[in-house]
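First comes the structure, then the notes that go with it.
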Amino acid sequence: MRERFLTGYNDFVLPFLIGMVFILTYCAIGLIKIILQLPKEDRKRFFISLVNPKMIWKNIKDIFCKCLLHVDIWKRNKLLGYMHSSIAFGWFMLIVIGHIEVFLYVPHRAKLLYFPIFFRYFVAETDSTLGGNFLFFMMDFFLLVILSGILLAMVKRLRSRFFGMRRTTNLSFLDYIGLYSLWCIFPLRLLAEGFTADISGGSFLTKSLNHVFTAFLGNHTNMLPTWWAYSIALGVFFIVLPFTRYMHIPAEILLIPLRNAGIRITNARKGLAKAQVYSCPSCGLCIDACPMGVMKTHIKDTTVYLNRQIRRNNERRIEEISDKCLLCGKCSAICPVGVEGDKLRIAQRSIRKYGISPDYSSVNTDALIAENSFSAPSGSKVLYFAGCMTALTPKIRKSMEKVFVSAGVEYEMMDKDGGICCGRPMLMAGRVHEADEMIAKNMEIIKASGAGTLVLSCPICYKIFKEKYHLEMEVLHHTEYLDRLLKSGKIKVAHCGKRFAYHDPCELGRGCGIYDEPRAVISFAGELVEAEKHHKESICCGGSLGSLTLGFEKREAMVRNALGNLSTGSPDVIVTACPLCKSTFDRYSDKPVEDIAETIANNLTTSTKTL
Amino acid sequence: MDFGFGIAPSSAVNLDSVDLEKFERLHTAEPDVYKCMACGSCSATCIAGRFSGMSVRKVLHCLQRGKEKEAVSMVKGCMLCGKCSMVCPRGINTRHVILSICRIYGEETK
């Protein structure tokens, strides 16, 4: 290899250079801004995580698997995964091999930013070596991989169904500019390298193209315009990148270490929230996932559009979108980059200003403590907190009481005459301090009761009890508790032969990761059939307290859709583990809907007493 | 002479002297407030009612009659559990009505 030009420079590199310098400066400023916006202790934790060898390895592995290989998308749909990883990983390999070539053949040019990108314009092949041929082959191979990915991306824009997506995002104007410039980069690179292949050398793709070109365009003056076009396409892409969805490429590299450091969203717009918003690639996987998507009017209220509006600071739409959401968490569960749509929305709600703030100081806990305290506190005693929602479905409480009696445990019903709300609905409305007040009151009551185990029936309560309550006792959801009683043989149930479809409540499944215990419990009582979408893909019943603005009358379509999903295995009974899901399904279901506690209580074989 | 009892102050509301400007704002934000037929289902399910006398029915009633102070003190007891909106036979999103009240009315209201 020898250099063709003494200066090692041509004017056509300018668009690329301008774009590159712009995007590097933009990203550097953005990075510093986000890190400065983090709360002090979070920033400290982040820096410590960056020097911890275990975390370094995890960060590198995650960045490689997620940003380049897109493992999560592969798991979802092979074709979609190939499309993403071919472009990302292929481009990465082109850059790496380009640098290797520069280091091997013209090491004194390595300090020039543009040289590896336009390597084949600046050099001429003097001798053919095996190593050189191998590098050229790799370059052409990865270029082909990228081109196949671009072709798939074009097909996806027309027919997203081939890629397992019913709907895809409506792009903004600048997104389209970014998209078209990205699509142009690689075909133009192929052309440019094709024109120079007889000088600089090439492999199966560029060399063959060169043979075609020489047949009717046998003039080297055609070379420069294509290199200019290639450089301009790169320049345009880099210049528009910060204002398009492609900002997710640099942003995700920051988001992964932030997430691995265990940082949570504390500010609605700054720090981690900002990193998440900019990491959104507008892929639109959340659109199909959203349970509100059954009604076309709600499509623009999905997480991808929330992120877009936050970037545009459109306060009216941000409020509308964040208040409507059911907070079922499915978009967060399936998001390939890890944008937490539900937490982001709660953060948006938390910056609202209210003229009236609740005050619970007048709530007298002494009376409640007196109602719930055991005469002689001991670790074996069980305190049962039914929760507000269970008060609307008293069968669950009765069933649990029947189970407690049958198992012969000493129990106390904590809120039989009404108690204080767990605080989760208040937290979902974004009013954190008010929720903390309720948490403090409830903790006082529970600690004074002297019980060893706290059993909850409502997953909404369960989630906040797990996360925000600091109790020195075991906190169990009744599915876990029933599972334990059944496995230890304290209660026995008869196999009734019915087919049960289990609905994963959002807060229990995606919220707390409890999937196996309820299924084990149901298998004791009958045959378990899975719904079409289950576990972390389960569809919200539609009754969620998360939504502030959706009235219950507007949710019918969602409930029916969720019921249709559960009916795919033609079950006899629909079983759930959440009082709210049960009461929501009960309104529209043509099949009986039971809570898991009812299923067990109905099939108990060694019931000592009947209530 | 004190007999330990007296005549209760008049509870008559003079609607001419009541300023309903805030209620009109609430009505614009929540058109459903006039749908309430005061059935009391919300009050029957309310968990906060036991502690603070909170009742959505009473709150709406008071606000329409300009008795804002009473309404605000009740709203302050709300725990936002949302049961009232599930039982409302008129389908009013009471939970959002309460949040709107918290926004429009302030602590200083008389």
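We name chains A, B, ... by the order of the sequence lines, and we start the count at 1 in each one.
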field: Region of A/L550 that comes under 4.5 Å of a non-hydrogen atom in chain B
entry: backbone
- line: Looking only at A/G419, A/C388, A/A435, A/G387, most heavy-atom pairs under 4.5 Å shared with chain B are made by A/C388
message: Holding to ring-ring contact (aromatic ring centres under 6.0 Å, His included), I want the full list of residues that pass it with B/F51, two or more places apart in sequence or in another chain.
response: none
message: Taking the side chain as everything from C-beta on, heavy atoms only, tell me whether A/I460 gets closer than 4.5 Å to A/I464.
response: no
- prompt: Can you say whether A/D417 sits under 4.5 Å from chain B via the side chain, the backbone, both, or neither, judging by heavy atoms?
  reply: both
message: Looking only at heavy atoms and a cut-off of under 4.5 Å, which of A/M389, A/E434, A/E437 has the most pairs with chain B?
response: A/M389
- prompt: Of the backbone (N, CA, C, O) and the side chain (C-beta and beyond), which part of A/L368 lies under 4.5 Å from a heavy atom of chain B, both, or neither?
  reply: side chain
Can you give the donor-acceptor pairs under 3.5 Å from side chains of residues 93-102 of chain B to other protein atoms, not counting sequence neighbours?
| from | atom 1 | to | atom 2 | distance (Å) |
| --- | --- | --- | --- | --- |
| B/N93 | ND2 | A/L548 | O | 2.7 |
| B/N93 | ND2 | A/T549 | O | 3.3 |
| B/T94 | OG1 | B/S85 | N | 3.0 |
| B/R95 | NE | B/L80 | O | 3.0 |
| B/R95 | NH1 | A/L545 | O | 2.6 |
| B/R95 | NH2 | A/P425 | O | 3.0 |
| B/R95 | NH2 | A/L545 | O | 3.3 |
| B/H96 | ND1 | B/E30 | OE2 | 2.5 |
| B/S100 | OG | B/E30 | OE2 | 2.7 |
| B/S100 | OG | B/H96 | O | 3.1 |

query: Can you check whether B/Y34 and B/F23 have ring centres sitting under 6.0 Å from each other?
result: yes
- prompt: Which one of B/C81, B/G91, B/G49 has the most heavy-atom pairs closer than 4.5 Å to chain A?
  reply: B/C81
message: Between A/E320 and A/R317, does any NZ, NE, NH1 or NH2 come within less than 4.0 Å of an OD or OE carboxylate oxygen?
response: yes
message: Taking atom NE2 as the centre, does B/H61 end up with more than 12 heavy-atom neighbours from other residues, nucleotides or ligands that are less than 6.0 angstrom away?
response: no
- prompt: Judged by modelled atom types alone, do A/S457 and A/Y384 share a side-chain donor-acceptor pair under 3.5 Å?
  reply: yes
- prompt: Given a strict heavy-atom distance threshold of 4.5 Å, which part of A/S547 is in contact with chain B: side chain, backbone, both, or neither?
  reply: backbone
task: With a 4.5 angstrom heavy-atom cut-off, could you sort out which part of B/C78 is near chain A: side chain, backbone, both or neither?
output: backbone
- prompt: So which of B/G77, B/G82, B/A48 has the largest heavy-atom pair count under 4.5 angstrom toward chain A?
  reply: B/G77
message: For B/R103, which atoms come within 4.5 Å of any heavy atom of chain A: side chain, backbone, both, or neither?
response: both
field: Polar side-chain atom of A/N442 near backbone of A/C421 as donor-acceptor pair, under 3.5 Å
entry: yes
- prompt: Side chain, backbone, both or neither: which part of A/R587 has a heavy atom under 4.5 Å from chain B?
  reply: side chain
task: Can you tell which part of A/M426 gets under 4.5 Å to a heavy atom of chain B, answering side chain, backbone, both or neither?
output: both
